[in-house]
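Each chain gets a letter, A, B and so on, in the order its sequence line appears, and its residues count up from 1. Note that the structure is predicted; figures quoted are calculated from it, not measured.
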There are 2 protein chains.
Amino acid sequence: MSTFETTATIASFGGKLLKLKHKSSSTNTDMALNLYLPPQAQKSGAKVPVLFYLSGLTCTGDNCSEKGFFQHGASEKGIAVVYPDTSPRGLQIQGEDDAYDFGSGAGFYVDATKEPWTKGYNMYSYITKELPEALFKSFKELDGDRVSITGHSMGGHGALTLFLKNPGKYKSVSAFAPIANPINCPWGEKAFKGYFGEDQQEKWKEHDATELVKQWKGPLDVLIDVGTGDNFYKQKQLLPENFIKAAKESGNDKGINLRFQPDYDHSYYFMASFADDHVAYAAKHLGV
Amino acid sequence: MSTFETTATIASFGGKLLKLKHKSSSTNTDMALNLYLPPQAQKSGAKVPVLFYLSGLTCTGDNCSEKGFFQHGASEKGIAVVYPDTSPRGLQIQGEDDAYDFGSGAGFYVDATKEPWTKGYNMYSYITKELPEALFKSFKELDGDRVSITGHSMGGHGALTLFLKNPGKYKSVSAFAPIANPINCPWGEKAFKGYFGEDQQEKWKEHDATELVKQWKGPLDVLIDVGTGDNFYKQKQLLPENFIKAAKESGNDKGINLRFQPDYDHSYYFMASFADDHVAYAAKHLGV
């Protein structure tokens, strides 16, 4: 039922960045997002493929629109980019805004099963169902049959898990510094304990890329970049090696390209440096 | 005498962004800046040309480093980029932090002649003399004989006036949405009144690109981009037409390329979209 309000239209790399707002039934709040329409989308009757970019902890859709440099490659390749928010905002749940790594800004791309977070912390349904359905209904220039996904940090976890849980839904997946094994790192443990409950280990595994890759059937192509100067990598919040090990053990590692980028950190300076590569990777799978 | 303290080293587009701090005798404060060293600067004995980027009102060197994407083109061409701050900070002058368009964040690239701003609002001397001298002394990989300048808004004013006041010092100049005729717009009038005094019309003219271009001897190449959706352009804060008219009347307009970019605004989305063009323009004049 969502219809979008366009709160701003900003020229960017020959296309348009739309700042959108809509009422979400998944989150029970208004949700803001940015949608980049490349120049190719302006042609009458055009259908451009779509890349969902999922942001990391503390971010809104603005951070990457401003600092991630995805529009550069997306403009060249003719790909629309969707930058959603990372959680509901303003649900008035006690403690919602207290921590940077739980609650607002930290939805972790799951549907909470534990009170009071069930009230609206349903970012899994929002990103996989409600938002794309609403977008493809409202923006006829978007091709709902050609969709890829990528993300950064918590959003890299989101990209990997949404891809692995929905075979065929996304043409490709890539990630920057993803939280690749959340059930074994402090960020993930805190989030899953809060959104699912401490004793829900099976539920936890359903949203863990390292667990999910073990179940994957068929070929698996993934591009992952991690900076060797990333403090969160060093603090074992990301654990990409666990993901690779699990993929290897289940015979799913052949198409995984994990690149360690020397000296890069966890910031948007890192993202911007490799955004073109990730857009080109998606473009290849999206047939552009 | 300045020596730099490196407060952070950040990998970016194959090179390094250094966050620097040094004691400035021009401003009587510590000054922060960012220096981007492209990958080509890492070769032993390398000498890379340098592009000074002057920021607009309210900015520090961080805004453009994060959102302007000059590093993308600078990495490809092998150009270092200097992102200075826009004013002294913390001089404890009464009212210094009260307005976004005067005082801190708004140095206007002039040396103040009016009390109490003479205490350290000497951004003209800082940018044209102290900072480059200190940089070329400390960073042997920078080629002090190949320097260009660019900037945005107040920094576009800075780039144009510093170029026009110092023939031969810069190999090229370009600007994004420059305040091209400050003596005839509200921002410029407020700043020059504050830094020079209301009755110092001759002094005002010395820092006005439209006045300076009338005096220019010899060929003049300039690249200027202005967005047609730029509200400050619409509000006549920028007045690029006055600059062109003055250049035409003095026979200096042949090499000026003023591009009106349809729909673009005054933001870093605009800058980012044309940063590659401005780096390429500088590169041509810097011989790379």
Side-chain angles (χ1 to χ4, degrees), chain A residues 6-19 34-39 42 59 61-76 81 83 176-177 225-231 233 259-277 279, chain B residues 6-19 34-39 42 59 61-76 81 83 176-177 225-231 233 259-277 279:
Chain A
T6 303
T7 59
T9 301
I10 302 168
S12 173
F13 287 103
K16 289 177 196 173
L17 189 86
L18 307 182
K19 298 184 99 66
N34 295 329
L35 169 63
Y36 179 65
L37 294 173
Q42 290 167 31
C59 291
D62 287 349
N63 303 66
C64 192
S65 305
E66 293 177 2
K67 300 180 180 178
F69 205 49
F70 278 75
Q71 285 102 267
H72 178 262
S75 166
E76 189 194 316
V81 187
Y83 303 95
F176 297 80
D225 279 319
V226 178
T228 63
D230 183 328
N231 282 328
Y233 170 63
R259 309 188 303 186
F260 284 102
Q261 302 290 1
D263 299 333
Y264 283 87
D265 64 15
H266 200 73
S267 77
Y268 284 92
Y269 285 111
F270 160 59
M271 309 272 299
S273 300
F274 300 101
D276 275 358
D277 287 0
V279 172
Chain B
T6 304
T7 59
T9 301
I10 302 168
S12 173
F13 287 102
K16 289 177 196 173
L17 188 86
L18 307 182
K19 298 184 101 64
N34 295 329
L35 169 63
Y36 179 65
L37 295 173
Q42 289 166 32
C59 291
D62 287 349
N63 303 67
C64 192
S65 304
E66 293 177 2
K67 301 179 180 179
F69 302 113
F70 280 75
Q71 289 99 276
H72 177 260
S75 166
E76 190 194 314
V81 186
Y83 302 95
F176 298 80
D225 279 320
V226 178
T228 63
D230 183 327
N231 282 329
Y233 169 62
R259 309 188 303 186
F260 283 102
Q261 303 290 0
D263 300 332
Y264 282 87
D265 64 15
H266 199 72
S267 77
Y268 284 92
Y269 285 110
F270 160 59
M271 310 273 298
S273 300
F274 301 100
D276 275 358
D277 287 1
V279 172

May I have the step-by-step check of side chain to side chain contact (heavy atoms under 4.5 Å, CB included) for A:Lys16 and B:Asp263, ending in yes or no? CA-CA 9 Å; A:Lys16 289 177 196 173; B:Asp263 300 332; 5.7 Å; no

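Proximity to chain B (any heavy atom under 4.5 Å) is restricted, for A:Asp265, to the side chain, taken from C-beta onward. Heavy-atom distances place no part of A:Gln261 under 4.5 Å from chain B, backbone and side chain included. If you measure heavy-atom distances from A:Tyr268 to chain B, you find no contacts under 4.5 Å at all. With a threshold of 4.5 angstrom between heavy atoms, A:Ser65 approaches chain B through its backbone and through its side chain.
Taking both residues in full, the closest heavy atoms of A:Ala11 and B:Pro262 are given as CB-O, 4.5 Å, listed atom of the first, atom of the second, then distance. Residues A:Tyr269 and B:Leu17 share a closest heavy-atom pair of OH-CD2, 3.3 Å.
Rounding to the nearest 0.5 Å places CZ of B:Phe270 at 12.0 Å from OG of A:Ser12.
Using cut-offs of 30° and 60° on the angle between ring planes, the pair B:Phe13 and A:Phe69 is perpendicular.
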